2 protein chains.
Amino acid sequence: MATPARRLLGALAASDRPLYEEVRGRLIEGISQGAWQPGEALPSEGELARAFGVAVGTLRKAVDTLVAEQVLVRRQGKGTFVTSHDGRRLMFHFFHIVERGGGKAYPEVRLIDFRRERAMPEEAAALGIAPSEKLIRVRNLLSLGGRPAILDDIAIPAQLFPGLTEKIFRARDNTIYHLYQSRYGINVLRTDERLRAVLASREVAPLLQVAPGAPLLEIRRVALTFRDRPVELRLSRVDTARHDYHNTLGKDVAA
Amino acid sequence: MATPARRLLGALAASDRPLYEEVRGRLIEGISQGAWQPGEALPSEGELARAFGVAVGTLRKAVDTLVAEQVLVRRQGKGTFVTSHDGRRLMFHFFHIVERGGGKAYPEVRLIDFRRERAMPEEAAALGIAPSEKLIRVRNLLSLGGRPAILDDIAIPAQLFPGLTEKIFRARDNTIYHLYQSRYGINVLRTDERLRAVLASREVAPLLQVAPGAPLLEIRRVALTFRDRPVELRLSRVDTARHDYHNTLGKDVAA
DNA sequence: AAGTGGTCTAGACCACTAG
DNA sequence: TAGTGGTCTAGACCACTTC
């Protein structure tokens, strides 16, 4: 932002690592600093190659890795774009609850609490911030097929999201990660999740409309941006009576 | 197998899809038919490119995709190898239970049942076999840190694993997927898992040494090989009192 | 027609492994 | 030293999008 694109596009300095990694680093720098906004096109491959002083093939190799990591998307005839967190495709990249049959479940979100509080020590550690720094806490109840199914407790460092109010959070017409991206330039690129089975507590049971002691799936998620910097903690309790958590590993290897 | 490598390596026929996809298809054919065994090296890139009648760059592009899908591994100076399912790296690719702290958990396996039975209709459908075809059923109890933690019920089509006996299953000194691969040439490349929270039944509770009604994580896994052909069903119940199911999405995007 | 990404080639040179 | 994969280049031509 403060840095003009000129610096991002200058010729490469000497280095002992491969040129395409150097180029990749510059592209990441540009994207993470917002020089190219989500949804925007990068300069063409020819231009970028010329600017960096490398062959087009080398530039393409760098872009290839970022496309594989879903940071960029190519559109033939149009250009190469910074991935945007709206639309259904990316939403389901991070949303893993599906109907028992396998069909996609579209959640309806209701915000039931919004507050600012100091972080607990473990939260501060997990988010890589100073102990007892301010957090924004959001509690969402997600319904699937008209019934409450997921209770989300979200915690984000207030520092990273200046001016974020309950009103803005409510007015959001897209995914939460799209809000992070469009308003604060924070791209959620990865998640790290730990799952376990628990029994519904007295606090949680009525919200999910299950009996206390009913089995729930508990998910502790850390959302990460560039360089694995944590940006969000999320504790989900899922009523898996009618839905499953769906995880696939690998892609179809077809001829 | 029956087909000599000669056919696999012949020049490419005319086609409307890209050359590198054509090459990729040939390589998959060769690997899935066992022309190149797991752990073995393929012919060098130069040789392969000459055999297919394409440039080395094109051959490399095809190999790149298979390396990304973990079907092949490159070793500089040595060659390109068919991925082998032994070793710890691949084991943890499909084993997602970790210690609460995050450390890797090495399971100790005890086979507690082995039998042949006809498939239930849903099983046959999930495995893509004829209804009431024969299955091999294996029940394993996995212990972590000396305590029972996971109960696995495995079902595989007997047809696919001729001559597989309880003795062979017991004698296995490596992972189950390594057994499939080394003895039957079946490469597990993908898994599809559905998770939910359940309460321990009277049948399962004593095996896992938990009280009936204790929360358990239930995992229904389908293991797939080339062309998404299903080869194994696995129902796991995990005591998540001391362990978590760990799932990460995406890789670190670092400069 | 002009501009974008996608495919493919041919060849130079480097880095690593093994005998 | 010979053989392997890894990097990088320069350029031709194709396919798609937009005007």
Side-chain angles (χ1 to χ4, degrees), chain A residues 5 9 11-27 30-31 36-37 39-84 255, chain B residues 5 9 11-27 30-31 36-37 39-84 255:
Chain A
L9 292 176
L12 267 38
S15 160
D16 48 355
R17 53 176 191 165
L19 276 179
Y20 70 88
E21 283 186 16
E22 210 69 38
V23 170
R24 174 187 150 91
R26 291 289 197 92
L27 294 175
I31 299 160
W36 303 299
Q37 295 287 328
E40 271 185 28
L42 267 55
S44 77
E45 298 185 336
E47 277 181 71
L48 284 172
R50 223 175 310 119
F52 291 134
V54 301
V56 179
T58 303
L59 185 278
R60 278 184 65 83
K61 180 153 184 175
V63 170
D64 281 344
T65 67
L66 293 172
V67 168
E69 287 162 356
Q70 310 233 37
V71 175
L72 297 176
V73 287
R74 288 204 178 96
R75 293 192 204 128
Q76 190 174 9
K78 302 182 72 174
T80 302
F81 299 77
V82 180
T83 303
S84 174
Chain B
L9 291 177
L12 267 38
S15 159
D16 48 355
R17 53 176 192 166
L19 275 179
Y20 70 87
E21 283 186 17
E22 211 67 39
V23 170
R24 174 187 150 89
R26 291 288 196 94
L27 294 175
I31 298 161
W36 304 299
Q37 295 288 327
E40 269 185 29
L42 266 56
S44 77
E45 298 185 337
E47 277 181 70
L48 283 173
R50 223 175 311 119
F52 291 134
V54 300
V56 179
T58 303
L59 185 278
R60 278 183 66 81
K61 181 153 183 175
V63 170
D64 280 344
T65 66
L66 292 171
V67 168
E69 287 163 356
Q70 310 234 39
V71 175
L72 297 175
V73 288
R74 287 205 178 95
R75 292 191 205 130
Q76 189 174 6
K78 301 182 75 173
T80 302
F81 300 78
V82 180
T83 302
S84 172

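In the text below, chain A, chain B and the rest are named by the order of the sequence lines, each starting its count at 1. Just so we're clear, the structure is a prediction, and the values are computed from it rather than from any experiment.
- Considering only side-chain N and O atoms, B/Tyr20 lies nowhere under 4.0 angstrom from the phosphate OP1 or OP2 of C/dC8.
- Closest to the side chain of A/Lys78, from the set D/dT17, D/dC8, D/dG5, is D/dT17.
- Along DNA chain D, the nucleotide nearest to B/Thr80 and the one nearest to A/Glu21 differ in position, and the one closer to the 5' end is contacted by B/Thr80.
- OP1 or OP2 of C/dG3 has not a single side-chain nitrogen or oxygen of A/Ser44 nearer than 4.0 Å.
- Contacts of A/Thr65 classified as side-chain hydrogen bond (donor to acceptor under 3.5 Å, both in side chains), with partners at least two apart in sequence or in another chain: A/Arg24.
- The side chain to side chain contact (heavy atoms under 4.5 Å, CB included) test applied to B/Glu21 returns B/Arg17, B/Pro18, not counting sequence neighbours.
- For A/Pro18, taking side-chain heavy atoms from C-beta onward, the closest of the listed nucleotides C/dA18, D/dC8, D/dG6 is D/dC8.
- Checking B/Arg75, B/Gln37, B/Glu40 one by one against B/Phe81, the side chain to side chain contact (heavy atoms under 4.5 Å, CB included) holds for a single residue, B/Arg75.
- The salt bridge (Lys or Arg N to Asp or Glu O under 4.0 Å) test applied to B/Arg74 returns B/Glu45, B/Asp64, not counting sequence neighbours.
- Considering only side-chain N and O atoms, B/Arg74 lies under 4.0 angstrom from the phosphate OP1 or OP2 of D/dG6.
- Not counting sequence neighbours, the partners of A/Ser84 by the side-chain hydrogen bond (donor to acceptor under 3.5 Å, both in side chains) test are A/Asp86.
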Short heteroatom pairs, N/O only, protein and nucleotides 10-15 of chain D, under 3.5 Å:
from	atom 1	to	atom 2	distance (Å)
D/dA15	N3	A/Gln76	NE2	3.1

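- Contacts between residues 59-72 of chain A and DNA chain D, counted as heavy-atom distances below 4.0 Å, involve A/Lys61.
- Counting only Watson-Crick or G-U wobble pairs whose defining distances are both under 3.5 Å, the stems of 3 or more consecutive pairs in DNA chain C are C:1-18 with D:1-18.
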